[in-house]
J.: 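Starting off with a structure, shown below.
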Amino acid sequence: MIAIYLYLAGMGAGSFVIGILIQWGALINWMGVKLNPLFLPSIVLFGHTLNLSSVPILWGPIMVAIGAPFLILDLGIKWRFMYACLNPRTSWVARGFIILSIFIIFGLVLLAKSVLPFEWLHAESVLWRIPEIIAFVFALGTAIYTGILLKATKSIPLWNTHLLPLLFLVSALSTGSMAIILATLGTGLFSHDASALKVLMYAVQILVVIEGIVLYLYLSGRYRVSEQGKDSVRLLLHGEKKFIFWGGDVLLGLVLPFVLVSIAAFSHGNMLLIFSSGLSLLGGGFLLRLGVLHAGIKDQIPMHRLMEIQYDMRAMKIKENWNAGKGIGR
Amino acid sequence: MQEKVLVVDQQKCTGCRLCELVCSVFHTGASNPSRSRIKVVKWEDVGLYLPMACNHCEKAYCVEVCPTKACHREPENNNRVTIDKKLCIGCRTCIIACPFGHPFFDIHDRVTVKCDYCDGDPQCVRFCDVKAISFTDADKTNVAKKREAFLKYAESMKQIR
(Lines give C-alpha, C1' and ligand atoms only; values in the text may rest on other atoms or scores of the structure.)
Protein backbone atom coordinates (compact mmCIF):
# COMPACT_ATOMS: atom_id res chain seq x y z
CA MET A 1 0.00 0.00 0.00
CA ILE A 2 2.86 2.32 0.85
CA ALA A 3 4.34 1.55 -2.59
CA ILE A 4 1.06 2.59 -4.25
CA TYR A 5 1.08 5.82 -2.26
CA LEU A 6 4.73 6.56 -3.05
CA TYR A 7 4.00 5.95 -6.72
CA LEU A 8 0.80 7.96 -7.04
CA ALA A 9 2.11 10.85 -4.95
CA GLY A 10 5.38 10.89 -6.91
CA MET A 11 3.69 10.78 -10.28
CA GLY A 12 0.98 13.32 -9.39
CA ALA A 13 3.45 15.77 -7.88
CA GLY A 14 5.92 15.21 -10.71
CA SER A 15 3.37 15.91 -13.43
CA PHE A 16 2.13 18.96 -11.52
CA VAL A 17 5.67 20.34 -11.36
CA ILE A 18 6.25 19.68 -15.06
CA GLY A 19 2.85 21.17 -15.95
CA ILE A 20 3.54 24.36 -14.02
CA LEU A 21 7.00 24.59 -15.59
CA ILE A 22 5.47 24.33 -19.07
CA GLN A 23 2.90 26.98 -18.21
CA TRP A 24 5.51 29.34 -16.83
CA GLY A 25 7.81 28.47 -19.72
CA ALA A 26 5.11 29.76 -22.04
CA LEU A 27 5.07 33.09 -20.20
CA ILE A 28 8.79 33.76 -20.00
CA ASN A 29 11.03 34.89 -22.81
CA TRP A 30 13.69 32.23 -23.34
CA MET A 31 16.61 34.37 -24.53
CA GLY A 32 14.46 36.25 -26.95
CA VAL A 33 12.52 33.18 -28.08
CA LYS A 34 9.08 33.15 -26.58
CA LEU A 35 7.29 29.82 -26.27
CA ASN A 36 4.09 30.91 -27.89
CA PRO A 37 0.96 29.57 -26.16
CA LEU A 38 -0.05 28.45 -29.63
CA PHE A 39 2.68 25.83 -29.42
CA LEU A 40 0.80 24.26 -26.55
CA PRO A 41 -1.83 22.04 -28.11
CA SER A 42 -5.24 22.39 -26.54
CA ILE A 43 -8.65 20.75 -26.64
CA VAL A 44 -12.13 21.75 -25.58
CA LEU A 45 -13.66 19.53 -22.91
CA PHE A 46 -17.11 20.16 -21.41
CA GLY A 47 -16.94 23.72 -22.62
CA HIS A 48 -13.52 24.39 -21.09
CA THR A 49 -10.39 24.97 -23.11
CA LEU A 50 -7.66 22.74 -21.74
CA ASN A 51 -4.12 23.04 -22.98
CA LEU A 52 -1.16 20.77 -22.39
CA SER A 53 -0.04 22.45 -19.19
CA SER A 54 -3.40 22.75 -17.50
CA VAL A 55 -4.20 19.04 -17.76
CA PRO A 56 -1.46 17.88 -15.35
CA ILE A 57 -2.05 20.91 -13.13
CA LEU A 58 -5.59 19.69 -12.73
CA TRP A 59 -4.95 16.01 -12.24
CA GLY A 60 -1.70 16.26 -10.18
CA PRO A 61 -3.44 17.09 -6.89
CA ILE A 62 -6.20 14.57 -7.67
CA MET A 63 -3.58 11.86 -8.13
CA VAL A 64 -1.94 12.77 -4.83
CA ALA A 65 -5.37 12.95 -3.17
CA ILE A 66 -6.05 9.41 -4.39
CA GLY A 67 -2.63 8.24 -3.17
CA ALA A 68 -2.82 9.77 0.31
CA PRO A 69 -5.69 7.54 1.56
CA PHE A 70 -3.44 4.53 1.00
CA LEU A 71 -1.30 5.92 3.83
CA ILE A 72 -4.40 6.16 6.00
CA LEU A 73 -5.46 2.60 5.10
CA ASP A 74 -2.12 1.41 6.45
CA LEU A 75 -2.80 2.84 9.93
CA GLY A 76 -3.88 0.70 12.86
CA ILE A 77 -6.77 2.99 13.79
CA LYS A 78 -7.76 4.76 10.60
CA TRP A 79 -10.07 7.46 11.92
CA ARG A 80 -7.26 8.89 14.05
CA PHE A 81 -5.30 10.04 10.99
CA MET A 82 -6.10 13.64 11.85
CA TYR A 83 -3.80 13.31 14.89
CA ALA A 84 -0.86 12.74 12.53
CA CYS A 85 0.14 16.41 12.39
CA LEU A 86 0.73 16.91 16.12
CA ASN A 87 4.54 16.59 16.16
CA PRO A 88 6.01 18.42 13.15
CA ARG A 89 9.05 19.45 15.19
CA THR A 90 10.78 16.09 14.89
CA SER A 91 8.53 13.70 13.00
CA TRP A 92 8.69 13.44 9.22
CA VAL A 93 5.32 11.69 9.08
CA ALA A 94 3.74 14.77 10.66
CA ARG A 95 5.62 17.14 8.34
CA GLY A 96 4.56 15.03 5.37
CA PHE A 97 0.94 15.18 6.47
CA ILE A 98 1.18 18.99 6.44
CA ILE A 99 3.03 19.15 3.09
CA LEU A 100 0.53 16.79 1.43
CA SER A 101 -2.49 18.62 2.88
CA ILE A 102 -1.27 22.02 1.69
CA PHE A 103 -0.48 20.68 -1.78
CA ILE A 104 -3.85 18.95 -2.12
CA ILE A 105 -5.78 21.98 -0.83
CA PHE A 106 -4.00 24.48 -3.10
CA GLY A 107 -4.18 22.07 -6.02
CA LEU A 108 -7.90 21.61 -5.57
CA VAL A 109 -8.36 25.39 -5.28
CA LEU A 110 -6.58 25.79 -8.62
CA LEU A 111 -8.75 23.00 -10.05
CA ALA A 112 -11.90 24.71 -8.81
CA LYS A 113 -10.70 28.01 -10.27
CA SER A 114 -10.32 26.60 -13.74
CA VAL A 115 -13.48 24.48 -13.72
CA LEU A 116 -16.03 26.67 -11.94
CA PRO A 117 -17.67 29.18 -14.29
CA PHE A 118 -17.87 32.08 -11.80
CA GLU A 119 -16.99 35.52 -13.13
CA TRP A 120 -15.83 36.86 -9.76
CA LEU A 121 -13.01 34.31 -9.62
CA HIS A 122 -11.09 36.23 -12.33
CA ALA A 123 -9.36 33.09 -13.59
CA GLU A 124 -6.87 35.09 -15.65
CA SER A 125 -5.80 37.36 -12.80
CA VAL A 126 -2.08 37.62 -12.01
CA LEU A 127 -2.92 37.10 -8.33
CA TRP A 128 -3.55 33.42 -9.12
CA ARG A 129 0.23 33.11 -9.56
CA ILE A 130 0.59 33.17 -5.76
CA PRO A 131 -1.35 29.94 -5.05
CA GLU A 132 0.35 28.49 -8.13
CA ILE A 133 3.80 29.21 -6.68
CA ILE A 134 2.80 27.81 -3.29
CA ALA A 135 1.37 24.67 -4.89
CA PHE A 136 4.51 24.33 -7.03
CA VAL A 137 6.79 24.47 -3.98
CA PHE A 138 4.67 21.96 -2.09
CA ALA A 139 4.45 19.70 -5.16
CA LEU A 140 8.24 19.59 -5.22
CA GLY A 141 8.06 18.95 -1.48
CA THR A 142 5.63 16.08 -2.03
CA ALA A 143 7.86 14.50 -4.67
CA ILE A 144 10.94 14.74 -2.42
CA TYR A 145 8.99 13.80 0.70
CA THR A 146 8.22 10.34 -0.65
CA GLY A 147 11.97 9.70 -0.40
CA ILE A 148 12.45 11.54 2.88
CA LEU A 149 9.74 9.43 4.53
CA LEU A 150 11.98 6.42 3.97
CA LYS A 151 15.24 8.30 4.56
CA ALA A 152 14.09 9.23 8.06
CA THR A 153 14.44 5.57 9.07
CA LYS A 154 17.94 5.61 10.50
CA SER A 155 18.20 1.91 11.25
CA ILE A 156 17.68 0.71 7.66
CA PRO A 157 20.88 1.48 5.74
CA LEU A 158 19.32 0.99 2.30
CA TRP A 159 16.93 3.88 2.93
CA ASN A 160 19.00 6.20 5.10
CA THR A 161 20.70 8.27 2.40
CA HIS A 162 20.27 11.66 0.71
CA LEU A 163 20.32 9.94 -2.66
CA LEU A 164 16.96 8.24 -2.05
CA PRO A 165 14.90 11.48 -2.06
CA LEU A 166 16.87 12.55 -5.13
CA LEU A 167 16.20 9.23 -6.86
CA PHE A 168 12.49 9.44 -6.07
CA LEU A 169 12.36 13.07 -7.21
CA VAL A 170 13.96 12.26 -10.57
CA SER A 171 11.70 9.23 -10.92
CA ALA A 172 8.67 11.39 -10.01
CA LEU A 173 9.59 13.95 -12.69
CA SER A 174 10.18 11.31 -15.38
CA THR A 175 6.98 9.37 -14.61
CA GLY A 176 5.15 12.70 -14.30
CA SER A 177 6.21 13.94 -17.72
CA MET A 178 5.54 10.53 -19.23
CA ALA A 179 2.06 10.57 -17.69
CA ILE A 180 1.45 13.94 -19.37
CA ILE A 181 2.51 12.54 -22.75
CA LEU A 182 0.40 9.42 -22.22
CA ALA A 183 -2.64 11.47 -21.29
CA THR A 184 -2.36 13.46 -24.50
CA LEU A 185 -2.52 10.30 -26.62
CA GLY A 186 -5.91 9.77 -28.08
CA THR A 187 -7.37 13.04 -26.79
CA GLY A 188 -6.46 15.17 -29.77
CA LEU A 189 -3.90 17.02 -27.69
CA PHE A 190 -1.13 14.88 -29.06
CA SER A 191 0.80 16.19 -31.98
CA HIS A 192 4.40 15.34 -32.56
CA ASP A 193 5.15 18.72 -34.04
CA ALA A 194 4.16 20.70 -30.96
CA SER A 195 7.36 22.09 -29.51
CA ALA A 196 6.17 21.56 -25.95
CA LEU A 197 5.72 17.85 -26.57
CA LYS A 198 9.13 17.61 -28.19
CA VAL A 199 10.66 19.27 -25.15
CA LEU A 200 8.78 16.81 -22.94
CA MET A 201 10.14 13.85 -24.90
CA TYR A 202 13.68 15.11 -24.54
CA ALA A 203 13.02 15.80 -20.86
CA VAL A 204 11.88 12.20 -20.36
CA GLN A 205 15.01 10.86 -22.06
CA ILE A 206 17.34 13.09 -20.04
CA LEU A 207 15.50 12.30 -16.80
CA VAL A 208 15.71 8.56 -17.48
CA VAL A 209 19.48 8.84 -18.00
CA ILE A 210 19.85 10.90 -14.81
CA GLU A 211 17.70 8.34 -12.98
CA GLY A 212 20.01 5.57 -14.14
CA ILE A 213 23.09 7.44 -12.91
CA VAL A 214 21.49 8.27 -9.55
CA LEU A 215 20.33 4.66 -9.18
CA TYR A 216 23.89 3.42 -9.82
CA LEU A 217 25.39 5.92 -7.33
CA TYR A 218 22.68 5.06 -4.80
CA LEU A 219 23.17 1.29 -4.97
CA SER A 220 26.98 1.44 -5.07
CA GLY A 221 26.97 3.79 -2.08
CA ARG A 222 24.60 1.56 -0.13
CA TYR A 223 26.67 -1.51 -0.98
CA ARG A 224 29.65 -0.02 0.78
CA VAL A 225 27.93 1.54 3.78
CA SER A 226 27.34 -1.49 6.02
CA GLU A 227 26.77 -5.21 6.14
CA GLN A 228 22.99 -4.81 5.96
CA GLY A 229 23.23 -2.27 3.15
CA LYS A 230 25.29 -4.82 1.23
CA ASP A 231 22.68 -7.51 1.93
CA SER A 232 19.89 -5.22 0.68
CA VAL A 233 21.71 -4.43 -2.55
CA ARG A 234 22.55 -8.09 -3.07
CA LEU A 235 18.88 -8.94 -2.50
CA LEU A 236 18.01 -6.54 -5.33
CA LEU A 237 20.82 -7.46 -7.71
CA HIS A 238 20.83 -11.23 -7.50
CA GLY A 239 18.60 -12.23 -4.62
CA GLU A 240 14.90 -12.77 -4.26
CA LYS A 241 14.04 -9.34 -5.72
CA LYS A 242 16.17 -9.60 -8.84
CA PHE A 243 13.14 -9.88 -11.14
CA ILE A 244 11.62 -6.72 -9.68
CA PHE A 245 14.94 -4.92 -10.02
CA TRP A 246 16.32 -6.11 -13.37
CA GLY A 247 13.02 -6.78 -15.11
CA GLY A 248 10.90 -4.07 -13.53
CA ASP A 249 13.18 -1.23 -12.68
CA VAL A 250 16.10 -1.47 -15.10
CA LEU A 251 14.36 -2.93 -18.17
CA LEU A 252 10.87 -1.44 -17.89
CA GLY A 253 11.83 1.75 -16.07
CA LEU A 254 15.07 2.74 -17.78
CA VAL A 255 16.14 0.82 -20.89
CA LEU A 256 12.85 0.27 -22.72
CA PRO A 257 11.47 3.83 -22.37
CA PHE A 258 14.79 5.35 -23.46
CA VAL A 259 15.11 3.11 -26.51
CA LEU A 260 11.44 3.33 -27.51
CA VAL A 261 11.27 7.12 -27.15
CA SER A 262 14.45 7.44 -29.21
CA ILE A 263 12.95 5.28 -31.96
CA ALA A 264 9.69 7.20 -31.75
CA ALA A 265 11.56 10.47 -32.28
CA PHE A 266 12.75 9.17 -35.65
CA SER A 267 9.46 7.63 -36.68
CA HIS A 268 7.53 10.92 -36.41
CA GLY A 269 5.84 10.14 -33.15
CA ASN A 270 4.59 6.62 -33.62
CA MET A 271 1.67 6.44 -31.21
CA LEU A 272 2.12 2.75 -30.38
CA LEU A 273 5.81 3.18 -29.56
CA ILE A 274 5.15 6.14 -27.28
CA PHE A 275 2.22 4.37 -25.66
CA SER A 276 4.25 1.24 -24.87
CA SER A 277 7.26 3.22 -23.66
CA GLY A 278 4.95 5.27 -21.42
CA LEU A 279 3.35 2.18 -19.92
CA SER A 280 6.73 0.55 -19.29
CA LEU A 281 8.14 3.70 -17.68
CA LEU A 282 5.13 4.05 -15.40
CA GLY A 283 5.32 0.35 -14.48
CA GLY A 284 9.06 0.71 -13.87
CA GLY A 285 8.47 3.69 -11.58
CA PHE A 286 6.11 1.62 -9.46
CA LEU A 287 8.44 -1.39 -9.33
CA LEU A 288 11.39 0.85 -8.37
CA ARG A 289 9.54 1.93 -5.24
CA LEU A 290 8.31 -1.59 -4.55
CA GLY A 291 11.87 -2.96 -4.85
CA VAL A 292 13.39 -0.30 -2.58
CA LEU A 293 10.63 -0.87 0.00
CA HIS A 294 10.98 -4.65 -0.05
CA ALA A 295 14.77 -4.75 0.07
CA GLY A 296 15.12 -2.65 3.25
CA ILE A 297 16.97 -4.65 5.91
CA LYS A 298 17.40 -3.40 9.47
CA ASP A 299 20.80 -2.87 11.00
CA GLN A 300 21.98 -5.53 13.37
CA ILE A 301 21.30 -4.80 17.03
CA PRO A 302 24.49 -4.49 19.08
CA MET A 303 23.54 -7.58 21.13
CA HIS A 304 23.26 -9.61 17.95
CA ARG A 305 26.87 -8.78 17.15
CA LEU A 306 27.87 -9.78 20.67
CA MET A 307 26.10 -13.09 20.24
CA GLU A 308 27.90 -13.70 16.96
CA ILE A 309 31.28 -12.97 18.54
CA GLN A 310 30.48 -15.34 21.39
CA TYR A 311 29.32 -17.96 18.91
CA ASP A 312 32.52 -17.59 16.88
CA MET A 313 34.64 -17.85 20.02
CA ARG A 314 32.83 -20.99 21.12
CA ALA A 315 33.19 -22.52 17.69
CA MET A 316 36.91 -21.71 17.74
CA LYS A 317 37.30 -23.28 21.18
CA ILE A 318 35.48 -26.44 20.12
CA LYS A 319 37.68 -26.65 17.04
CA GLU A 320 40.84 -26.19 19.12
CA ASN A 321 39.74 -28.84 21.59
CA TRP A 322 38.90 -31.19 18.78
CA ASN A 323 42.24 -30.62 17.07
CA ALA A 324 44.04 -31.08 20.38
CA GLY A 325 42.10 -34.30 20.98
CA LYS A 326 43.03 -35.58 17.55
CA GLY A 327 46.66 -34.74 18.24
CA ILE A 328 46.66 -36.85 21.42
CA GLY A 329 44.97 -39.68 19.59
CA ARG A 330 47.84 -39.86 17.17
CA MET B 1 14.30 9.84 43.07
CA GLN B 2 17.03 7.63 41.65
CA GLU B 3 16.32 6.49 38.09
CA LYS B 4 15.94 2.73 37.73
CA VAL B 5 16.50 0.57 34.67
CA LEU B 6 15.97 -3.03 33.61
CA VAL B 7 19.23 -4.97 33.56
CA VAL B 8 19.44 -8.31 31.78
CA ASP B 9 22.05 -10.96 32.51
CA GLN B 10 21.79 -13.15 29.45
CA GLN B 11 24.02 -15.81 30.93
CA LYS B 12 21.47 -16.54 33.62
CA CYS B 13 18.48 -16.69 31.27
CA THR B 14 17.18 -20.21 30.61
CA GLY B 15 14.76 -19.15 27.89
CA CYS B 16 11.65 -20.28 29.81
CA ARG B 17 9.64 -17.30 28.48
CA LEU B 18 7.80 -16.86 31.79
CA CYS B 19 8.53 -13.11 31.58
CA GLU B 20 6.60 -12.92 28.29
CA LEU B 21 3.64 -14.69 29.86
CA VAL B 22 3.39 -12.52 32.99
CA CYS B 23 3.95 -9.36 30.94
CA SER B 24 1.02 -10.14 28.67
CA VAL B 25 -1.19 -11.06 31.62
CA PHE B 26 -0.34 -7.80 33.40
CA HIS B 27 -0.89 -5.56 30.39
CA THR B 28 -3.68 -7.28 28.46
CA GLY B 29 -5.27 -9.69 30.93
CA ALA B 30 -4.63 -12.53 28.50
CA SER B 31 -1.87 -15.11 28.79
CA ASN B 32 -0.72 -14.53 25.24
CA PRO B 33 3.06 -14.12 24.83
CA SER B 34 2.63 -12.65 21.36
CA ARG B 35 1.12 -9.56 23.02
CA SER B 36 3.89 -9.22 25.59
CA ARG B 37 6.20 -6.19 25.82
CA ILE B 38 9.29 -8.31 26.39
CA LYS B 39 10.58 -10.85 23.90
CA VAL B 40 13.13 -13.58 24.50
CA VAL B 41 15.40 -13.86 21.47
CA LYS B 42 16.83 -17.33 21.18
CA TRP B 43 19.94 -18.66 19.49
CA GLU B 44 19.12 -22.31 20.06
CA ASP B 45 22.19 -23.60 18.21
CA VAL B 46 24.51 -21.93 20.72
CA GLY B 47 22.18 -22.13 23.69
CA LEU B 48 21.99 -18.37 24.18
CA TYR B 49 18.81 -16.64 25.27
CA LEU B 50 18.40 -12.89 25.46
CA PRO B 51 15.30 -11.25 26.94
CA MET B 52 14.84 -8.03 24.95
CA ALA B 53 12.91 -5.21 26.57
CA CYS B 54 12.83 -1.50 25.79
CA ASN B 55 16.06 0.33 26.67
CA HIS B 56 14.23 3.64 27.23
CA CYS B 57 17.09 5.24 25.28
CA GLU B 58 18.42 8.66 26.22
CA LYS B 59 17.95 9.75 22.59
CA ALA B 60 14.89 7.71 21.71
CA TYR B 61 14.20 7.39 17.97
CA CYS B 62 10.64 6.23 18.64
CA VAL B 63 9.89 9.53 20.42
CA GLU B 64 11.52 11.48 17.59
CA VAL B 65 9.57 9.88 14.76
CA CYS B 66 6.15 9.61 16.42
CA PRO B 67 3.84 11.94 14.46
CA THR B 68 1.28 12.32 17.25
CA LYS B 69 3.50 12.58 20.35
CA ALA B 70 1.80 9.41 21.59
CA CYS B 71 5.27 8.01 22.19
CA HIS B 72 6.74 10.31 24.81
CA ARG B 73 9.11 10.49 27.76
CA GLU B 74 7.87 10.84 31.33
CA PRO B 75 10.67 12.39 33.40
CA GLU B 76 8.47 12.32 36.50
CA ASN B 77 7.88 8.60 36.09
CA ASN B 78 11.35 7.01 36.21
CA ASN B 79 12.25 8.84 32.98
CA ARG B 80 10.50 6.09 31.04
CA VAL B 81 9.50 6.22 27.38
CA THR B 82 5.90 5.21 26.99
CA ILE B 83 3.10 5.19 24.43
CA ASP B 84 -0.23 6.86 25.08
CA LYS B 85 -2.77 4.37 23.74
CA LYS B 86 -5.39 7.07 23.24
CA LEU B 87 -3.14 9.09 20.93
CA CYS B 88 -1.45 6.27 19.00
CA ILE B 89 -2.71 5.94 15.44
CA GLY B 90 -0.90 2.66 14.75
CA CYS B 91 1.36 3.99 11.99
CA ARG B 92 4.21 1.71 13.13
CA THR B 93 6.85 4.35 12.38
CA CYS B 94 8.38 3.75 15.83
CA ILE B 95 8.70 0.02 15.12
CA ILE B 96 10.69 0.74 11.95
CA ALA B 97 12.77 3.43 13.67
CA CYS B 98 13.82 1.44 16.75
CA PRO B 99 17.26 -0.13 16.20
CA PHE B 100 16.45 -2.76 18.84
CA GLY B 101 13.18 -3.79 17.20
CA HIS B 102 11.29 -3.01 20.33
CA PRO B 103 7.82 -1.46 20.12
CA PHE B 104 5.32 -4.10 19.09
CA PHE B 105 2.10 -3.79 17.16
CA ASP B 106 -0.82 -5.13 19.17
CA ILE B 107 -3.09 -6.83 16.65
CA HIS B 108 -5.96 -6.79 19.14
CA ASP B 109 -5.92 -3.09 20.07
CA ARG B 110 -4.54 -1.95 16.65
CA VAL B 111 -1.97 0.30 18.35
CA THR B 112 1.74 0.07 19.11
CA VAL B 113 2.70 -1.00 22.62
CA LYS B 114 5.97 -0.99 24.53
CA CYS B 115 7.50 -1.66 27.93
CA ASP B 116 6.47 0.89 30.57
CA TYR B 117 8.18 -0.75 33.60
CA CYS B 118 4.67 -1.91 34.69
CA ASP B 119 4.26 1.45 36.46
CA GLY B 120 7.28 0.89 38.70
CA ASP B 121 6.94 -2.82 39.49
CA PRO B 122 8.15 -4.80 36.44
CA GLN B 123 6.42 -8.18 36.42
CA CYS B 124 9.24 -9.80 34.44
CA VAL B 125 11.63 -9.01 37.30
CA ARG B 126 9.17 -10.21 39.92
CA PHE B 127 8.54 -13.58 38.32
CA CYS B 128 11.96 -14.43 36.86
CA ASP B 129 13.02 -17.53 38.78
CA VAL B 130 16.70 -17.33 37.93
CA LYS B 131 16.88 -13.56 38.41
CA ALA B 132 18.13 -12.96 34.89
CA ILE B 133 16.34 -9.59 34.86
CA SER B 134 16.70 -7.04 37.61
CA PHE B 135 15.37 -3.55 38.17
CA THR B 136 18.28 -1.57 39.56
CA ASP B 137 19.47 1.99 39.95
CA ALA B 138 20.86 3.31 36.68
CA ASP B 139 24.27 4.12 38.18
CA LYS B 140 24.66 0.64 39.71
CA THR B 141 24.04 -1.41 36.59
CA ASN B 142 27.63 -2.59 36.25
CA VAL B 143 28.45 -3.07 39.92
CA ALA B 144 28.25 -6.88 39.78
CA LYS B 145 30.50 -7.07 36.73
CA LYS B 146 32.97 -4.60 38.22
CA ARG B 147 33.09 -6.56 41.47
CA GLU B 148 33.75 -9.76 39.57
CA ALA B 149 36.54 -8.13 37.55
CA PHE B 150 38.20 -6.68 40.65
CA LEU B 151 37.99 -10.02 42.49
CA LYS B 152 39.77 -11.65 39.56
CA TYR B 153 42.35 -8.86 39.58
CA ALA B 154 42.92 -9.27 43.33
CA GLU B 155 43.27 -13.01 42.87
CA SER B 156 45.91 -12.62 40.18
CA MET B 157 47.79 -10.02 42.25
CA LYS B 158 47.91 -12.49 45.15
CA GLN B 159 49.39 -15.12 42.87
CA ILE B 160 52.09 -12.72 41.69
CA ARG B 161 53.09 -11.97 45.26
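So that the names make sense, note that chain A is the first sequence line, chain B the second, and so on, each numbered from 1. What you see below is based on every heavy atom in this structure, not just the backbone, and it leaves out hydrogens, waters and symmetry mates.
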J.: Side chain, backbone, both or neither: which part of A:Leu75 has an atom under 4.5 Å from a heavy atom of chain B?
T.: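 Contact with chain B involves both backbone and side-chain atoms of A:Leu75.
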J.: What's the shortest heavy-atom distance between B:Gln123 and B:Val22, and which atoms?
T.: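 Of all heavy-atom pairs spanning B:Gln123 and B:Val22, the closest is O-CG2, 3.8 Å.
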J.: Looking only at heavy atoms, what is the nearest atom pair of A:Thr90 and B:Val63, with distance?
T.: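 Heavy atoms of A:Thr90 and B:Val63 come nearest at OG1-O, 4.3 Å.
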J.: Would you say the side chains of B:Arg17 and B:Ser36 form a donor-acceptor pair under 3.5 Å?
T.: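 No donor-acceptor contact under 3.5 Å links the two side chains.
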J.: With a strict 4.5 Å heavy-atom criterion, list every residue of residues 107-122 of chain B that contacts chain A, or say none.
T.: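 Residues of residues 107-122 of chain B touching chain A at under 4.5 Å: B:Asp109, B:Arg110, B:Val111.
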J.: Contact part of B:Leu48 toward chain A, heavy-atom cut-off under 4.5 Å: side chain, backbone, both or neither?
T.: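 The side chain, not the backbone.
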J.: Between B:Pro67, B:Cys66, B:Gly90, which residue shows the highest count of heavy-atom pairs closer than 4.5 Å to chain A?
T.: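 The answer is B:Pro67.
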J.: What part of B:Thr93 gets closer than 4.5 Å to chain A, counting heavy atoms only: side chain, backbone, both or neither?
T.: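 For B:Thr93, the contact with chain A is made by the side chain alone.
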J.: For a 4.5 angstrom cut-off between non-hydrogen side-chain atoms, does A:Trp92 reach B:Val65?
T.: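 Not touching, per the 4.5 Å side-chain cut-off.
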J.: Check this for me: does any side-chain nitrogen of one of B:Lys59 and B:Glu64 sit under 4.0 Å from a carboxylate oxygen of the other?
T.: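 Judged by the 4.0 Å cut-off on N to carboxylate O distance, B:Lys59 and B:Glu64 do form a salt bridge.
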J.: Can the ring centroids of A:Phe168 and A:Tyr145 be said to lie less than 6.0 angstrom from one another?
T.: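 Here the rings of A:Tyr145 and A:Phe168 have centres that are no less than 6.0 Å from each other.
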J.: So, using side chain to side chain donor-acceptor pair (under 3.5 Å) as the criterion, who are the partners of B:Tyr61 when residues are at least two apart?
T.: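 Once residues adjacent in sequence are excluded, B:Tyr61 has no partner under the side chain to side chain donor-acceptor pair (under 3.5 Å) criterion.
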J.: Inspect the contact between A:Glu227 and A:Lys230 and indicate whether a charged nitrogen and a carboxylate oxygen are less than 4.0 angstrom apart.
T.: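 Judged by the 4.0 Å cut-off on N to carboxylate O distance, A:Lys230 and A:Glu227 do not form a salt bridge.
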